[in-house]
Amino acid sequence: MIDVPTSIDLDQVRIDPAWALRIPSSLALRKRLLPFASMQGRVYVACLDPQDTASLDAVTRFTGQQAVPVRVDGEALQRALARVFGDGSRATTSARAETHDAGDDAMALSEELLRAAVMRQASDIHIDPSREDMRIRLRVDGVLEEYRRLPISLHPALCSRLKVQAGMDIAERRAPQDGALTYRYSTAGGTHEIDVRVASLPTKHGERLTLRLLAAHDQWLTMEKLGMEAEDLAKLEWMISQPHGLMLLTGPTGSGKTTTLYAAIRRLMASAPLNIISVEDPVEYEIPGVAQVEVDSADKISFGKALRSLLRHDPDVLVIGEIRDIDSLDIAIKASLTGHLVFSTLHTNNAVSVVTRLVDMGMPAHLIGATLRLCIAQRLVRKLCQHCRKPVVLGEAQAQMLGRPEAAGRTVYEPGGCLYCAGRGYSGRMGLFECASFDSALASQISKGADEAGLLAALQKNGFRTLLHDGAEKVLGGQTTVKEVLDATTES
């Protein structure tokens, strides 16, 4: 049984929508209470009056778990209620979903799922039908967690509702489709919008829907909030101050490359008036002042066509969503050679292997050496909840795996579980980075065909830090765990 504090700072709590949205908005707003977490079979309720047993009994009936009151500040509770329910005009579906009245529930249920994803800071919503029921999961901090299981009778109406919103063909259920919608929601801070990509896939028991939320958290679009150490941040600052050159970000899908790229663009825009043009598939964040070209799936605006026309528009900075082939690489290299600053992404395991990958794609080494200025490899790891992390001693084997044998015996931390993180032990994610900057000496080595081992040795003489080294520093700093770092940096 966890030790329940008599009061908490609700502004720091990561509210779990799986419980907050189980009660009607009318009850929450009228009685000013909010279920925000469930642990060990009990649901914890933020309230002003812990002695209001009638309201707590109502929460117990709706959630199916014993309600435990936790006193919070009145203003903080009002802000939380606004985040969860908006203006209260849209009721939650939990009380009605069990009636199987699919027609009445589809609109409210789609609203609930999108709002829950925003509250939970999820990147994706997965709607997966089976023979018995419909499972709904959210991807939070890179991990799938179950949100609800609902009657399968609700599935057809929910799918139709979301497909209509996304501009998809509701009559086509036997072929995959893609669509998009804009979700608008209100909080105490005003009205907000999030772009959502919707994909359908026919399965044995009905259509499976995946909704990806784009640009959900604009506060991450600053370089200071990426999680870079000061030395790596200085390299990125240096890169964006250059008049020309090529910067490549690398890492697997979902490693945060686009977020880093957009943070750099925003810093560029703040430093000088520039003509910045990007070609992306899709546009994940809208940045005012940047001409963002989105590739059209109907091939009216193909990736190649858009890239070939970029240089006719007198850009200062080019952003290429991804180096996909020799054609896109050729345009990036030529633009850099002709005095443009070029940003793009690539799929490799680490920063040094970018050079090998570009050579394998068919680009001459001397052109790579002449243009490549910075390669950033990155991964995302979950951050420990600072309210409940548990100190442990770093073992010798773990220290060896982190590449820091001298750190054995030092205090590091493991996840706990508390009301602030809804019992998960983690809250949010942070980046691990390795930044390889190429000065004139290194550029000369690249031009002469130096291999990865030679480049790595030369970089390390200049203080180059690998992903594992950056991760080890963040483990020793109490920000994340050994397991998170090793899972993220171990190459398959």
Side-chain angles (χ1 to χ4, degrees), residues 1-99 101 104-105 107-121 136 138 147-150 184-192 387 418-424:
M1 190 68 63
I2 75 165
D3 183 21
V4 182
T6 56
S7 64
I8 60 171
D9 182 355
L10 196 58
D11 287 329
Q12 296 187 35
V13 171
R14 199 167 184 181
I15 296 167
D16 189 342
W19 299 99
L21 295 175
R22 287 204 183 188
I23 67 171
S25 56
S26 56
L27 172 63
L29 297 173
R30 187 176 71 254
K31 296 296 185 179
R32 300 191 71 188
L33 48 78
L34 182 67
F36 63 91
S38 173
M39 296 177 66
Q40 300 176 347
R42 295 186 173 191
V43 62
Y44 293 87
V45 184
C47 60
L48 302 180
D49 182 10
Q51 306 302 319
D52 185 0
T53 55
S55 297
L56 294 172
D57 287 344
V59 172
T60 297
R61 288 196 302 274
F62 280 109
T63 62
Q65 293 192 0
Q66 180 184 348
V68 178
V70 180
R71 189 187 297 275
V72 297
D73 174 72
E75 293 184 359
L77 178 57
Q78 193 61 41
R79 287 191 292 270
L81 289 170
R83 291 201 305 274
V84 175
F85 298 107
D87 57 9
S89 60
R90 294 187 177 103
T92 60
T93 65
S94 54
R96 299 195 307 276
E98 303 307 323
T99 68
D101 189 349
D104 291 342
D105 286 334
M107 184 180 298
L109 182 55
S110 65
E111 165 71 20
E112 176 188 337
L113 297 184
L114 289 164
R115 193 162 196 102
V118 171
M119 287 171 51
R120 194 75 186 104
Q121 298 176 17
I136 298 171
L138 306 179
Y147 171 68
R148 296 278 297 278
R149 282 184 182 266
L150 293 171
R184 296 176 178 83
Y185 65 100
S186 59
T187 67
T191 302
H192 311 273
H387 295 278
C418 68
L419 297 182
Y420 284 94
C421 62
R424 289 162 175 84

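Quick caveat, the model's predicted, so the values are computed rather than measured.
Residues V59 and R22 fail the side-chain proximity criterion, which asks for heavy atoms closer than 4.5 Å. Taking 4.5 Å as the limit, some side-chain heavy atom of L29 sits within range of a side-chain heavy atom of L81. The shortest distance between side-chain heavy atoms of W19 and L34 does not fall below 4.5 Å. Side-chain contact check for Y147 versus L21: some heavy-atom pair is nearer than 4.5 Å. By the 4.5 Å heavy-atom criterion applied to side chains, R424 and D16 are counted as neighbours.
To the nearest 0.5 Å, atoms OG (S55) and CZ (R30) are separated by 7.5 Å. With rounding to the nearest 0.5 angstrom, the CZ atom of R42 is 10.5 Å from the OG1 atom of T60. Atoms CG and CD, from D57 and Q66 in turn, are 10.0 Å apart once rounded to the nearest 0.5 Å.
Around atom CD of E75, no more than 12 heavy atoms belonging to other residues, nucleotides or ligands sit under 6.0 Å away.
Of all heavy-atom pairs between S25 and F85, the closest is CB-CD2, 3.4 Å. Residues P35 and I15 come closest through the heavy atom pair O-CG2, 4.5 Å. Contact record, I23 with L27: CB-CD2, 4.3 Å, taken as the closest heavy-atom pair. Smallest separation of non-hydrogen atoms from L56 and P50: CD1-O, 3.6 Å. Here the closest non-hydrogen pair linking L10 and L77 is CD2-CA, 3.7 Å. Closest of all the heavy-atom pairs between A422 and R14 is CB-O, 4.2 Å.
R115 places a side-chain N or O within donor-acceptor distance of the main-chain N or O of R83, the cut-off being under 3.5 Å. Judged by distance alone, with hydrogens and angles left aside, the side-chain atoms of Y185 form no donor-acceptor pair with the main-chain N or O of E111 at under 3.5 Å. A donor-acceptor pair is defined here as one N or O able to donate and one able to accept, closer than 3.5 Å; such a pair exists between the side chain of R32 and the backbone of G74.
Taking the six-membered ring where the residue is Trp, Y44 and F36 present tilted rings, their angle falling between 30° and 60°.
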| message | Between L109 and L150, does the side chain to side chain contact (heavy atoms under 4.5 Å, CB included) criterion hold? Intermediate values first, please. | response | CA-CA 10 Å; L109 182 55; L150 293 171; 3.6 Å; yes
